[in-house]
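The chains referred to below are lettered A, B, ... by the order of the sequence lines, with proteins before strands, and numbering in each begins at 1. Every heavy atom of this structure was used, including side-chain atoms; hydrogens, water molecules and symmetry mates were not.
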Amino acid sequence: MRILTWNVNSIRIRLPQFFEIIAKYQPDVFCLQETKTPDEFFPLNDLVMAGYPYYHFTGMKSYNGVAIFSKIPLSDKQIYNRYNKNDCRHISVKVDDKEKPFELHNIYIPAGGHEADPEVSDSFRHKLEFVDELTEWFSNERSADDAVIAVGDFNIAPLENDVWSHKQMLKVVSHTPVEVEKLTKFFNSIKFVDAVRHFYPASEKLFSWWSYRSANWDMADRGLRLDHIWVTKKLVAGLKQCQVPRDVRGMERPSDHIPVIVDL
DNA sequence: ATGGTTGCTTGGCAA
């Protein structure tokens with residue numbers, strides 16, 4: 001079972017790169033974030049024809065949007081309206097794998113703006129409260145004994161080596177202590193395991209995003225690990241491999257995020 | 001400290 005998550009930053013403009021990635025990695029299930037389109041303009045037929053007859057997605061004009069596509073049948077499709085907004089950031093499905101069914105959550109946590117102060121910034125407060133809601137929901141509605149996978153662009157880089165400079169990022173939204181603390185509470189809600197750091201030691205730098213505003217992203221390498229795949233303990237023994245293909249950032253007209261891929 | 005880029009039913013935002 002191969003699962004891929006990718007913030008495509010518009011599915012419509014990224015279709016050529018999307019086809020190349022899907023052909024190369026051939027995931028069984030993939031989750032997209034920032035599809036940036038209302039459902040009526042979603043290129044559904046293109047994705048189905050790529051080999052994914054089962055799907056669940058929700059989008060809106062210009063912003064956000066999440067999608068799950070699968071070669072394996074899906075059921076119990078849910079859309080969550082967090083923070084009293086219909087902002088298309090969290091969906092889930094059951095992946096009805098014959099041997100090991102599991103529940104899959106695709107989550108796009110708000111970026112949170114530039115000002116890391118919830119008193120001043122509505123978007124930063126939105127981000128913190130969004131994560132609080134996730135923590136509460138998983139604590140109340142799911143258990144550490146369930147087979148659950150949570151993936152997506154969490155817009156938080158929790159570990160020191162998830163950012164290019166821990167010291168220089170401490171006051172920058174995505175790596176502030178308050179965000180890391182809240183993400184850690186969400187992580188601990190049903191005792192998730194970080195399936196990526198399961199393979200890449202925490203002592204080594206690992207990024208999944210580089211800003212567009214850097215002429216030389218590769219050399220400067222001011223990246224962040226914002227994109228995550230977490231699994232509950234039932235699934236840990238089945239973890240086989242992980243890939244975070246950095247070269248995807250060097251494609252023509254790239255997304256600012258690269259895919260994260262886990263085999264179970 | 002500032003500005004740097006991309007994408008969005010094109011024009012000021014969000015990322």
Side-chain angles (χ1 to χ4, degrees), chain A residues 5-21 31-44 46 57-67 82-90 106-118 120-131 151-158 162-165 167-176 178-180 182-183 207-228 246 248-260:
Chain A
T5 178
W6 191 19
N7 178 324
V8 287
N9 188 12
S10 169
I11 184 58
R12 287 181 289 174
I13 206 160
R14 214 69 62 205
L15 267 184
Q17 296 83 349
F18 165 83
F19 289 133
E20 198 175 322
I21 294 302
C31 296
L32 306 177
Q33 304 85 36
E34 279 206 270
T35 52
K36 285 189 169 177
T37 174
D39 295 348
E40 60 265 35
F41 300 136
F42 191 98
L44 175 59
D46 289 308
F57 61 91
T58 182
M60 58 190 277
K61 187 171 153 182
S62 291
Y63 303 112
N64 314 330
V66 284
R82 307 229 162 274
Y83 199 73
N84 298 316
K85 287 185 178 185
N86 305 321
D87 60 354
C88 306
R89 293 178 179 273
H90 182 189
N106 183 9
I107 303 168
Y108 175 49
I109 293 175
H114 296 296
E115 183 62 60
D117 181 353
V120 172
S121 165
D122 288 343
S123 38
F124 194 68
R125 193 170 60 253
H126 177 203
K127 180 179 200 173
L128 297 182
E129 294 187 11
F130 189 99
V131 180
V151 314
D153 175 3
F154 294 175
N155 268 314
I156 298 171
D162 293 340
V163 297
W164 61 277
S165 166
K167 198 179 166 189
Q168 286 176 263
M169 286 295 296
L170 274 170
K171 292 181 176 174
V172 178
V173 172
S174 69
H175 193 62
T176 64
V178 61
E179 290 168 86
V180 171
K182 292 212 181 270
L183 190 73
F207 309 141
S208 67
W209 173 91
W210 294 261
S211 172
Y212 282 128
R213 300 174 207 176
S214 173
N216 198 345
W217 69 272
D218 197 21
M219 283 290 286
D221 202 20
R222 294 190 168 193
L224 307 176
R225 189 172 73 103
L226 303 177
D227 302 274
H228 300 275
R246 182 184 171 106
V248 173
R249 185 62 177 78
M251 295 175 90
E252 198 174 332
R253 290 208 90 173
S255 169
D256 43 356
H257 295 254
I258 62 173
V260 176

Next on the checklist: For the C1' atoms, the ones on B/dT10 and on B/dT6, what distance do you get once it is rounded to whole angstrom?
Outcome noted: 14 Å
Checklist entry - For DNA chain B, which nucleotides open and close the run of contacts to chain A, 5' to 3', at under 4.0 angstrom from a non-hydrogen atom? => result B/dG4 to B/dA15
Item to check | Residue met sooner reading DNA chain B from 5', once A/Arg253 and A/Gly112 are mapped to nucleotides | outcome: A/Arg253
Checklist entry - Just by distance, do the side chain of A/Asp39 and the backbone of A/Gly59 share a donor-acceptor pair under 3.5 Å? => result yes
Checklist entry - Can you tell me how far the CG atom of A/Asp227 sits from the NE2 atom of A/His257, to the nearest 0.5 Å? => result 5.5 Å
Checklist entry - When all nucleic acid strands are considered with a 4.0 Å heavy-atom cut-off, which category describes A/Arg249: base, sugar-phosphate, or nothing? => result nothing
Checklist entry - Does the side-chain contact (heavy atoms from CB on, under 4.5 Å) test come out yes or no for A/Gln33 and A/Thr5, once each step is laid out? => result CA-CA 8 Å; A/Gln33 304 85 36; A/Thr5 178; 2.9 Å; yes
Next on the checklist: Can you confirm whether A/Trp209 sits close enough to A/Asp153 that some side-chain heavy atom of one is under 4.5 Å from a side-chain heavy atom of the other?
Outcome noted: no
Item to check | B/dG7 versus B/dG3 - spacing of their P atoms, nearest Å | outcome: 22 Å
Item to check | Residue mapping more 5' on DNA chain B - nearest nucleotide basis, A/Ala215 or A/His257 | outcome: A/Ala215
Checklist entry - Say you pick atom P in B/dT9 and the same atom in B/dT5; how far apart are they, in whole Å? => result 22 Å
Checklist entry - Going from NE2 on A/His228 to CG on A/Asn155, what distance comes out if it is rounded to the nearest 0.5 angstrom? => result 9.0 Å
Checklist outcome for this item: Rounded to the nearest 0.5 angstrom, the CH2-CH2 distance for A/Trp210 and A/Trp164 is 14.5 Å
Item to check | G-U wobble or Watson-Crick pairing nucleotide for B/dT10 (cut-off 3.5 Å, both distances) | outcome: none
Checklist entry - With a non-hydrogen cut-off below 4.0 angstrom, is A/Arg14 in contact with a base, only sugar-phosphate, or nothing? => result sugar-phosphate
Next on the checklist: Between B/dA14 and B/dG4, how far apart are the two C1' atoms, rounded to whole Å?
Outcome noted: 16 Å
